[in-house]
Amino acid sequence: MDFPTLRSRLLAWYDDARRDLPWRTPRGQAPDPYRVWLSEVMLQQTRVETVRPYYARWLERFPTVDALAAAPLDDVLKAWEGLGYYSRARNFHRAVQEVASRHGGRVPGEPDAFRALPGVGRYTAGAVMSIAFGREEPVVDGNVRRVFARWTDDPAPAEDALWPMAAALVPGERPGDVNQAVMELGATVCTPRSPRCGECPVRGLCAAYAAGTQNERPAPKKARPLPHEDTAVPVIHRGGEVLLVRRPVRARLGGMWGFPQAIRHPGESASAAAERAAAEGLDLAVRAGAPVASVDHTFTHVRATYHAVRCTVVWGEPRAVRYDEVAWVPWERIGGYALPVAQKRIAALAALHPTGPHPLA
DNA sequence: GAAGCGTGGCC
DNA sequence: TGGCCAAGCTT
């Protein structure tokens with residue numbers, strides 16, 4: 001491949017076509033490494049338009065490394081609420097605390113030191129080192145993977161081939177812009193479906209374009225069928241309050257708040273499973289009352305149906321047996337807790353129901 | 001190396 | 001509606 005020609009055409013195109021994004025500073029202005037890093041973490045597996053409002057709110061709330069390092073995890077997760085992949089927020093928080101305590105509050109500009117921080121993988125390290133520090137480090141993300149698959153007309157390029165190719169492009173002036181140019185091309189021109197080859201500055205060097213195979217590159221990977229989880233959710237009332245739990249950090253949605261839950265056994269009713277969820281997860285005896293609602297939610301690798309059931313306490317005080325924390329929360333203060341999307345939906349539906357004890361309880 | 005991890009948009 | 005996909009990382 002003619003890397004020098006690719007490089008110069010990409011840079012020239014990027015100078016003209018690059019989108020104006022909040023984390024991009026004007027040419028010549030030094031970027032803030034904390035902001036570049038934040039943007040890269042938020043953009044992992046997440047679209048630009050989704051990230052925009054989160055990025056702006058985050059910087060108002062946590063404008064600097066020191067501000068974020070000093071914040072409690074619950075505040076951090078609340079700011080991340082709805083963005084998904086919550087381990088990103090936990091890892092970023094931990095990493096920034098390390099930067100504050102061990103690097104004097106300065107984001108390390110050495111690739112090895114930065115790469116050692118939690119949540120920083122090969123891609124993120126290359127992106128932050130090149131964009132924020134001008135280091136000649138490559139990146140391979142989904143865009144780069146697709147662009148190279150088409151340039152080489154390879155249906156499934158190996159990682160061992162992609163990184164050397166990406167690295168061959170970087171040396172020279174403006175390594176951060178070179179990396180961003182490939183990704184920008186992938187995001188706006190060399191798109192997964194209906195690539196705009198007519199607007200591509202490097203179609204003359206593209207093997208897939210020459211062969212007319214751009215729509216079959218890269219080859220789609222086969223998805224596994226999603227398992228289904230039929231889940232009971234006890235919405236436990238006491239006085240004017242409802243019981244929330246904080247999920248263990250290791251688990252799915254780790255560190256986030258929500259309602260207790262238990263996967264239904266075959267043949268088990270939602271009411272029985274809701275009572276069992278309280279018994280096993282909280283060491284608490286509850287009586288199931290009226291069903292509140294059913295909510296379907298699809299995660300990356302599992303489809304869940306949540307059967308929310310109103311419950312009242314029969315006996316005992318809740319203990320966080322299978323959770324990290326429990327809290328009795330007045331309905332009007334639920335908004336202060338970081339809830340994943342499905343739990344928020346359950347809370348909204350449950351709040352529509354009368355909040356006193358069930359008449360038959 | 002494969003599986004686990006969120007959510008929303010698009011066709 | 002349902003499958004696919006998006007600036008990946010960890011175990």
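Worth knowing before you read on, the calculation uses all heavy atoms, side chains too, and leaves out hydrogens, waters and symmetry mates. Throughout, a chain's letter reflects where its sequence line sits, starting with A, and its residues are numbered from 1.
- The separation between A:Asp296 atom CG and B:dT7 atom P is 14 Å, rounded to whole Å.
- Atom CZ in A:Arg145 sits about 10 Å away from atom P in C:dA7, given to the nearest Å.
- Distance from the side chain of A:Ala223 is smallest to C:dC4 among C:dC4, B:dG6, C:dC5.
- The residue A:Leu83 sits close to a base: some heavy atom pair falls under 4.0 Å.
- For B:dG6, neither phosphate oxygen OP1 nor OP2 lies less than 4.0 angstrom from any side-chain nitrogen or oxygen of A:Arg88.
- Remark: side-chain polar atoms of A:Arg150 are paired, donor with acceptor, to backbone N or O of A:Arg217 under 3.5 angstrom.
- Within 4.0 Å of A:Thr298, counting heavy atoms only, lies at least one base atom of the nucleic acid.
- OP1 or OP2 of B:dT7 sits under 4.0 Å from a side-chain N or O of A:His297.
- When each of C:dA7, C:dC5, B:dT7 is scored by its nearest atom to the side-chain atoms of A:Ala187, the top-ranked nucleotide is C:dA7.
- Using a cut-off of 4.0 Å between Lys/Arg side-chain N and Asp/Glu carboxylate O, A:Glu268 and A:Arg264 are scored as not salt-bridged.
- Atom CZ in A:Phe92 sits roughly 15 Å away from atom C1' in C:dG8 (whole-Å rounding).
- Contact annotation for A:Arg47: base contact, defined as any heavy-atom pair under 4.0 Å involving a base atom.
- Rounded to whole Å, the separation between the P atoms of C:dC9 and B:dG8 comes to 22 Å.
- A:Asn179 places a side-chain N or O within donor-acceptor distance of the main-chain N or O of A:Glu137, the cut-off being under 3.5 Å.
- Residue order along DNA chain C, read from the 5' end via each residue's closest nucleotide, puts A:Arg19 first among A:Arg19 and A:Asn91.
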(message) What verdict does the side chain to side chain contact (heavy atoms under 4.5 Å, CB included) test give for A:Val120 and A:Val128, after you've listed the backbone C-alpha separation in whole Å, the side-chain angles of each residue and the deciding distance to 0.1 Å?
(response) CA-CA 10 Å; A:Val120 177; A:Val128 174; over 6 Å; no
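- Between A:Pro234 and A:Phe259 the shortest heavy-atom distance is O-CB, 4.2 Å.
- We find that CZ of A:Phe299 is positioned 6 Å from P of B:dT7, with the value rounded to whole Å.
- Of the residues listed (A:Arg174, A:Arg24, A:Arg18), the one engaging A:Gln180 in a side chain to side chain donor-acceptor pair (under 3.5 Å) is A:Arg24, and it is the only one.
- Of the candidate nucleotides C:dA7, C:dG3, B:dG9, C:dA7 has the atom nearest to the side chain of A:Asp141.
- Looking at heavy-atom distances under 4.0 Å, A:Leu226 makes no contact with the nucleic acid at all.
- For a distance-only test at 3.5 Å, the side chain of A:Thr300 qualifies as a donor-acceptor partner of the base of B:dG6.
- A donor-acceptor contact under 3.5 Å is not formed by the side chain of A:Arg193 with the base of C:dC4.
- Using a 4.0 Å heavy-atom cutoff across all strands shown, A:Arg247 reaches no nucleic acid atom at all.
- The distance between atom CH2 of A:Trp37 and atom P of C:dG8, rounded to the nearest whole Å, is 17 Å.
- Dashed line: the shortest gap from a side-chain N or O of A:Gln45 to OP1 or OP2 of C:dG8 is under 4.0 Å.
- Atom-to-atom, CZ of A:Arg250 to C1' of B:dA3 comes out at 16 Å; the value is rounded to the nearest Å.
- Spacing of C1' atoms, B:dA3 relative to C:dA7, comes out at 22 Å, to the nearest Å.
- Comparing C:dG8, C:dA7, B:dT7 by their nearest atom to the side chain of A:Glu184 picks out C:dA7.
- Each of A:Arg224 and A:Val341 was assigned the nucleotide of DNA chain B with the nearest heavy atom; the assignment lying further toward the 5' end belongs to A:Arg224.
- Looking at heavy-atom distances under 4.0 Å, A:Val120 makes contact with sugar-phosphate atoms alone, never a base.
- In this structure, OH of A:Tyr85 is placed 12 Å from P of C:dA6, rounded to the nearest angstrom.
- In terms of phosphate contacts, A:Arg345 brings no side-chain nitrogen or oxygen within less than 4.0 Å of OP1 or OP2 of B:dG6.
- Inspection of the A:His307 and A:Ser294 side chains reveals an N or O donor paired with an N or O acceptor under 3.5 Å.
- A:Gly254 comes within 4.0 angstrom of nothing in the nucleic acid, heavy atoms only.
- Within the nucleic acid shown, A:Arg90 has no heavy atom closer than 4.0 Å to any nucleic acid atom.
- Atom CG in A:Asn179 sits about 13 Å away from atom P in C:dG8, given to the nearest Å.
- Residue A:Leu21 is the one, among A:Arg94 and A:Leu21, whose nearest nucleotide of DNA chain C lies closer to the 5' end (criterion: closest heavy atom).
- A donor-acceptor contact under 3.5 Å is not formed by the side chain of A:Thr46 with the base of B:dG8.
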